[in-house]
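Scroll down for the structure; my scribbles are underneath it.
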Amino acid sequence: MSKEIVRLEDVRLSFGKIEVLKGISLSVQEGQSVTLIGPSGSGKSTLLRCINRLAVISSGEVFFDGQQVTAATNINQLRTKIGMVFQHFNLFPHMTVLGNVIEAPVQVLKLTPAQAKQEAMLLLQRVGLADKADAFPAQLSGGQKQRVAIARCLAMKPRVLLLDEITSALDPELVGEVLAVIRELARQGMTMILVTHEMQFAKEVSDKVIFMDGGKIVEQGTPDQMFVNPKNERLRRFLRAVI
Ligand code: ADP
Ligand code: MG
């Protein structure tokens with residue numbers, strides 16, 4: 001029996017008068033890859049951001065590792081355990097690849113630079129970029145930058161990775177190298193919640209797929225249930241449009 005790491009209970013969130021999450025409940029077990037799909041504006045990014053409190057919910061409950069995430073939660077501590085990678089690689093431009101990866105482990109986890117470097121080099125190997133350790137972000141392709149962003153996240157040894165459309169800004173020929181890294185992380189049992197428009201990839205890598213529309217979960221299930229036998233007409237229409 002695996003352990004629940006993230007749970008949302010009837011989460012609602014409004015921006016001004018507009019409610020963008022309308023009662024979201026979901027559960028993610030340790031080691032699972034859960035994929036959020038759905039049309040633009042359906043609330044996928046906002047949902048991810050609720051988990052590390054980048055977005056503050058209006059009602060309902062968010063739990064991380066059995067603890068309720070509230071205004072009283074130590075947010076910095078929470079965020080060291082929840083890694084997030086965005087569409088646009090927010091690498092520090094003035095630091096080398098290695099510098100980017102060791103920054104938080106040295107500053108936040110208080111590793112010695114030597115320790116942090118040793119671990120960072122292993123991570124850079126894992127994402128296939130050990131030979132770029134001394135390069136600056138501007139010298140890298142988009143796919144390479146995104147792989148550094150993933151390595152930088154992993155350096156904090158997060159319990160969960162949140163990945164928000166991390167291949168959407170990449171040239172098509174660079175998407176595969178980033179997805180390969182994610183696929184390998186999934187295989188190794190990393191817990192991930194990801195938003196992606198790569199349906200074939202979602203099908204391959206997910207334990208559970210969640211379809212959102214209009215701030216609600218419309219349907220969820222295994223990749224087979226969702227992609228082979230979708231029940232809801234809105235999901236069918238969405239899949240026809242994107243596949
Ligand atoms: P998705 O990631 O599925 O495209 P988002 O979560 O980004 O959807 O957005 C859901 C809705 O919330 C959209 O209508 C969007 O315009 C709105 N929204 C997102 N962030 C903000 C914000 N900071 N302020 C106001 N509205 C926002
Ligand atoms: Mg989004």
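Quick note: residue numbers are just sequence positions, from 1. As the structure lists them, so they are numbered: ligands from 1, and atoms in each ligand from 1.
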| Qualifying residue for side-chain contact (heavy atoms from CB on, under 4.5 Å) with I210, from V218, I217, V28 | I217

| message | Under a plain distance cut-off of 3.5 Å, with no hydrogens placed, do R7 and Q68 share a side-chain donor-acceptor pair? | response | no

| task | Count, excluding waters, the protein N, O or S atoms that are closer to the Mg ion (ligand 2) than 2.8 Å. | result | 1

| Same apolar cluster (I L V M F W Y, side chains within < 4.5 Å links), M84/L154 | no

| said: Strictly below 4.0 Å, N to O, side chains only: are R159 and D65 in salt-bridge contact? | reply: yes

| query | Below 4.0 angstrom, N of the basic side chain to O of the carboxylate: do R240 and E233 qualify? | reply | yes

| Side-chain donor-acceptor pair present, D134, T96, cut-off under 3.5 Å | no

| note | Expected contact list for ligand 1 at under 4.0 angstrom, heavy-atom basis, is F15, V20, P39, S40, G41, S42, G43, K44, S45, T46

| said: Using side-chain heavy atoms (C-beta onward) and a distance below 4.5 Å, is L48 in contact with V195? | reply: yes

| query | Given side chains that start at C-beta, do those of L13 and E19 come closer than 4.5 Å, heavy atoms only? | reply | no

| field | NZ/NE/NH1/NH2 to OD/OE distance under 4.0 Å, R126 and E184 | value | no

